[in-house]
Student: 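This is the structure I have questions about; it appears just below.
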Number of protein chains: 2
Amino acid sequence: MAPAHPSTHNDATVGVAVDVVPLTLQEGALHAAVVRVERGDERGRLAFPGGRVRENESLDDAAARWLDGTLPGVRAHVEQLYTFGEPGRDPASRVVSVAYLALLARPLPGALWVPCEPALRLAYDHRTILRTALERLRAKLAYTNLAWALLDESFTLGELQHVYETVLGHTLDRRNFRKRILALDLLTPLGTTRHGAHRPAQLYRFRTRRPITVGVP
Amino acid sequence: MAPAHPSTHNDATVGVAVDVVPLTLQEGALHAAVVRVERGDERGRLAFPGGRVRENESLDDAAARWLDGTLPGVRAHVEQLYTFGEPGRDPASRVVSVAYLALLARPLPGALWVPCEPALRLAYDHRTILRTALERLRAKLAYTNLAWALLDESFTLGELQHVYETVLGHTLDRRNFRKRILALDLLTPLGTTRHGAHRPAQLYRFRTRRPITVGVP
DNA sequence: GCAAAAGTGTTAGTGATACACCCATGA
DNA sequence: TCATGGGTGTATCACTAACACTTTTGC
């Protein structure tokens, strides 16, 4: 921007788009929301919701708009992920895409929810984007309270542990998990219990449902 | 990109640029390389090197090009930082800027090297970009071997500790620092010593001068 | 009564912190 | 000889990891 040295090349043809990676947990596995590409060489393949950024809207606003366009009324935690701009990533035209991560407590209708398997086939470079999103989510789960975004307002410790286990891809010791998570002082017990198929479980909620970094003095 | 739902607005006028934040240590303080804005409303103010992305180059290539244009021949670690796209960030036109962080072992001629003080006045939203760069650097120093990018090939443990102390903004216990950093097994002693004004110090180098994440199983 | 998830404590080991003195050199 | 940075070890504390049994409920 505002070149200190004026550019001498044609550079007005690089477009800007956002792509949103909506993730949620479903049946014990991470699922992503995708839509079918309607036009162009990649027509018919699966891709994340997204498209051009308008001249008068911020990137965050564009991400929210495209997310809501696909999953109307969605309430999600949305954060910028990474920007992908290889010249060949969209065969049709030169488009730089600012990818966003969106975390939902549950799947909503409006898109296809597909499990995040490594073999998942997606249009463009969206497999790379998905990989980046999963890495980010895994990393942030370790040093933030981000799990709130994948859970309802109230939840049991078992459900919270399940979020961690599913995202991290391995099991955790229940006693140690409880000790650690409770020591972080992020949760408030509700005093009520959830009755399921078995012994009722204490319900908790996050003290703050917004990003908090923990353990980094 | 590749809209699943076609956009119905004029959106071809959002431009793409890169801005590079070159950082190095000088006289015990972090310094950033800036240039004077030559044109437009912000003319005369200080800003980071950067400008438009060409149609046929990647974002990384654009960042390298603008960095080299300002600091010719520079060898630096360059990584994408964040993308800034508020509509009003450049008064002249709508430009989305992909910011890059560049870490240098020493300042090079070609730019003004200014200390990274909170009061530093910069054009556009570059103060925000600088703040983001510093946060990123601080965070990554804690869980990567990124310090190599701010040091010459060989260095003493005192110099390495100085990098950490300067970036983190507080002092560290020398004995604990050495124990911890040597336990990470990132360094190789050269067997030679550096003779300065005082007792010679053992020289080390990083086993790998590329990004390594440590301590995250 | 049985299957299934909830709930709970102790121990051992590892890593972090705090802390003080001597060493080698150049000036 | 003195100023300056280099180099070293120990004791304590906090956190992590490993580990098994009892409880409560629905069916």
Student: Rounded to the nearest Å, what distance is computed from the CG atom of residue A:D173 to the C1' atom of nucleotide C:dG7?
Tutor: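 Between C1' of C:dG7 and CG of A:D173: 12 Å.
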
Student: Determine whether any donor atom in the side chain of B:R199 lies under 3.5 Å from an acceptor atom in the base of C:dG26, or the reverse, and answer yes or no.
Tutor: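 Per atom types, no contact qualifies.
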
Student: So what does A:R178 touch, heavy atoms closer than 4.0 Å: a base, only the sugar-phosphate, or nothing?
Tutor: base

Student: Using whole Å, report how far CD1 of A:I181 lies from P of D:dA17.
Tutor: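 Rounded to the whole Å, the gap is 13 Å.
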
Student: Can you tell me how far P of D:dG6 sits from CZ of B:F177, to the nearest Å?
Tutor: 11 Å

Student: With a 3.5 Å distance limit and no angle check, can you tell me whether B:Q161 reaches the backbone of B:L172 through a side-chain donor-acceptor pair?
Tutor: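 Yes, the answer is positive, given that a donor and an acceptor are paired below the 3.5 Å cut-off.
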
Student: If I take atom CZ in residue A:R174 and atom C1' in nucleotide C:dA4, what distance separates them, rounded to the nearest angstrom?
Tutor: 10 Å

Student: Does B:R205 reach the main-chain N or O of B:F155 with its side chain, forming a donor-acceptor pair under 3.5 Å?
Tutor: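 Pair absent, no side-chain N/O of B:R205 close to backbone of B:F155.
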
Student: Grab the CG-C1' distance between B:L160 and D:dG7 for me, whole Å please.
Tutor: 15 Å

Student: Where each residue is assigned the nucleotide of DNA chain D containing its nearest heavy atom, which of A:P200 and A:R175 is assigned the position nearer the 5′ end?
Tutor: A:R175

Student: Checking B:N145 side chain against B:L186 main chain: does a donor-acceptor pair fall under 3.5 Å?
Tutor: no

Student: For the pair made of NE2 in B:H198 and C1' in D:dG6, what is the distance, rounded to whole Å?
Tutor: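 Computing the B:H198:NE2 to D:dG6:C1' distance gives 11 Å.
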
Student: Can you tell me how far P of C:dT8 sits from CG of A:N176, to the nearest Å?
Tutor: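 It is 14 Å, rounded to the nearest whole Å.
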
Student: Looking at A:K179 and C:dT10, is any side-chain donor or acceptor paired with a base atom of the opposite kind under 3.5 Å?
Tutor: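 Yes.
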
Student: May I have the distance from A:R180 (atom CZ) to D:dA14 (atom C1'), rounded to whole angstrom?
Tutor: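 It is 14 Å, rounded to the nearest whole Å.
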
Student: Minimum heavy-atom separation for A:L46 and A:R121, please, with both atom names.
Tutor: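 Nearest pair, atom of A:L46 first, then A:R121: CB-O, 4.2 Å.
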
